[in-house]
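See below for the structure under consideration.
In what follows, chains carry the letters A, B, and so on, assigned in the order in which the sequence lines appear, proteins first and then strands, with residues in each chain numbered from 1.
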Amino acid sequence: MLTASVFVNIPVKSIAKAYTYSVPAELSFLETGWRVFVPFGGRKVEGFVLAVGEKSEAELDGIKLKSIQAAVDEESWFTPAMIKAARWLADFYLCSLAEMMRLFMPGKSGLKISVLYEAVAEEREHLLLQMPMYRAVYQYLQAEGPQGRSAIARALPELKEELPAILDKLTQYKVLRKDYAAQKRDNARYEKLVVLTCQLTGQIRDDYKRKKAQLHLLELLAKAPAQTMTMAALKAAKVTPATVKNLTEAGLAEIRQRRVLRDSYGDVQAERRQVELTDEQSAAVRAMEPALAGHNYQGFLLKGVTGSGKTQVYIEMAERVRKLGRQVIVLVPEIALTGQVVMAFKAYFPADIVVMHSRLSLSERNDAILRVRRGGAGIIIGARSALFTPAEDIGLIIMDEEQDMSYKQDESPRYHARVVAEELAHIHQAVLLLGSATPSLESYYRARKGEFTLLTMTKRIGDLPLPLVKCVDMRQELRLGNRHIMSRPLQQLIEQTIAKKQQLIIMLNRRGFSTFVMCRSCGEVIKCKLCGLPLVYHQGQGGRPGKLACHHCDVAEPIPDTCPKCGSRYIKYFGSGTEKLEQELHQIVPSARVIRMDRDTTNTKFAHQEILAKFRRREYDILLGTQMVAKGHDIPNVTAVGIISADSSLNLPDFRAAERCFMLITQTAGRAGRHTEQGRVVIQTYNPSHYAVTCGIDQDYEGFAEQELMMRRQLFYPPYSRLVKLLYQNEDEQAARDGAAQLIAAFAQHFRGDKRQQVIGPSPAVIARLRGVYRFVVLIKTADLSSVQSFLREQGLHLRTDVAIDIDPITML
DNA sequence: AGCACGCCGACT
DNA sequence: GTCGGCGTGCTC
């Protein structure tokens, strides 16, 4: 019997295994990688074929097999490389294979499976049908055929909320039957084409002499490429639909449909500058050429100071890979998609690009994927999800700003794009190119060990000097009597820059500095009822009152007039978010036009782009925002940068705090003066002597790395260890804590005497309680990650629903 | 995740 | 004696 091993697309750990189905004769063409419909526990679901093969009755061991119902697509969806990668990643991240495989699809499921109800003819005399409501439903379905719940509700509005109960009951007594209908969710759009189906001979021209419009159309079609024109093009050429109709009825032309692949970035125009590579750039390209030509895996770390022209190296490499006929994936941090990398590539490869990111709609994404599949585009630029685009033959994976934290997905499956990229590069025998001005310590360390080839570029193009950085000790400012958020040197910088008609960027590291609301009488801070974190004040817009919002639970509530605890009317807003800062800026330089960019103002698809474009067009003088202002754009007229609290993250309980602080300073400072004039930067800090701050000010990566690596080695943190974070969740606080403690005991027992493993916890998570569930964290530090992965699997942790496993977590708590 | 099956309290 | 609550366990 022909059978298939099928993984159902349900992301639940307990069914994370392959099920065997029989393959009916009419589906014998199915192979590994096809998506199929299968019956599963009384319903119909999407499944992925992992293998097909003959199985004898004996092998089946008495299991009664169900049969695959149909194929989803007209071709196999997953390539062998995709399945291989998904398997490896599922293994590495201890998640289910389906969870990993569905990353390779445009949506989480390729299907929308809807439930239809069908009247069972034999039961038309059933007792239940004596009740009018039941009879109405039955008769409606008898008349209309199988219908969905919403259609029934629309046809019989008088049933209202009784309907679900009626349907359930009738189904239970088998008077109605459930039927599952699946639609593909590819939202394909088609366009009409008119095709000439004959040779335009002199004879035909003669025949149509008196039908001027049709002859005109014939001539147009004959001239068109492939004798084909779109309806839209014909309309533009003033050909009426009636003319087309006459011609097709005469049999000389035909109307066909073609799937339209929308290119969301098709209209983006970019200017190509002729550039000659610098010595450093060509040296970097030359170093990578052997691996490219040899079709080998090799990893490179391109460490180039801001402005040294890494993007040009990427483009050179991409050009070479495209000449070899292989495909290129270019990863950029989510935030940088509007920035210079996309535009630069667009200039060199105007039609060969697709842009992928999470804000594309499902249909846009489908079209982008299909363009890659059909060979219509060979360069995929996008955020981390671009890694999962179905490219057949990848020759190069570029990861720009490889240290960026947004490459780690913060929901399950919690993969890191660098890990995925490395594995894909291995599978495809491709070149992996990590680029950064300030590499992550993990990559830098690996490069020093020789796992990556280190390429360095130290010169800025045009030999522009690095910006002039001034550090302001905020404690000193306070002693001098300045209680503002803004120090005097920063105020001066703002005034001077505005006076020179130049622009500046002000960055506020909001972390740990949210505007919370506190009662000045009793000290009560207003907190979220669900998670206990302080609520954040949001200003009212356009006359609407302000509100308090929780940034974790997505709840908002009105601002109370009096303290909920003591009833005092003295409630005050503390801290300083971007909104507060905006107000203060207005007081200092009333003439300055300020635009704000933070999570609140960038909800929509092109919000980033629009804000940056407006700023670039000099409609504003000051760009004020959170960390996102520090990345991925290059605005000529920006000559000054202010960093409000460079080190507010330094005191967080996180081993990466110093790294974050250093990178923030170097990156933000790098935004100033990239073109004509030396930039000026003011950094406000409470820790002016910390090495992260001093090295940041000097733009001294090596110095920082030296000290930080020493710290990491002493404390056994990455890159000297790998981390695994386990999050135990339970409605019962004690149960959550006990579960965590139990694992720690088992861990200690299993690895007793092994110095390469450490375990910390249980400690309450940052959000110690979320939606009524208590959360405890166990943190494992290990020099031998694979043995910890095996241990966790032995413990069955990957199957538990109450434990979330995070390999290489970004935050510790 | 869904959906069956099953065991116990409330009601005709 | 029947209905419906949701706890438990399985899905080729």
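Among B:dA1, C:dT11, C:dC12, the nucleotide with an atom closest to any side-chain atom of A:Ile10 is B:dA1. Distance from the side chain of A:Phe40 is smallest for C:dC12 among the nucleotides C:dC12, B:dC3, B:dA1.
A distance of 10.5 Å separates CD in A:Gln789 from CD1 in A:Ile780, rounded to the nearest 0.5 Å. In this structure, A:Arg102 CZ and A:Phe48 CZ are separated by 7.5 Å, a value rounded to the nearest 0.5 Å.
Under a 4.0 Å N-O distance rule, the pair A:Glu442/A:Arg656 qualifies as a salt bridge.
Using a 4.0 Å heavy-atom cutoff across all strands shown, A:Pro11 reaches no nucleic acid atom at all. Residue A:Ser5 is classed as having no contact, given no heavy-atom separation below 4.0 Å to the nucleic acid.
Counting distance only, with no hydrogens placed and no angle test, the side-chain atoms of A:Arg43 and the base atoms of B:dA1 include a donor-acceptor pair under 3.5 Å.
Between A:Phe7 atom CZ and C:dT11 atom P the separation is 15 Å, expressed in whole Å. In this structure, the NZ atom of A:Lys64 is 10 Å from the P atom of C:dT11, given to the nearest Å. Rounded to whole Å, atom P of C:dC12 lies 17 Å from atom CZ of A:Phe37. Taking atom CG on A:Leu799 and atom P on C:dG9, their separation rounds to 16 Å, with Å as the unit. What separates CG of A:Leu65 from P of C:dT11 is a distance of 13 Å, to the nearest Å.
In this structure, A:Tyr21 does not reach the C:dT11 phosphate: none of its side-chain N or O atoms is under 4.0 Å from OP1 or OP2. The phosphate of C:dG4 has OP1 or OP2 within less than 4.0 Å of a side-chain N or O from A:Lys169.
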Applying ring-ring contact (aromatic ring centres under 6.0 Å, His included) to A:Tyr117 and A:Tyr140, what does each step give before you reach the verdict?
CA-CA 11 Å; A:Tyr117 293 88; A:Tyr140 169 72; over 10 Å; no
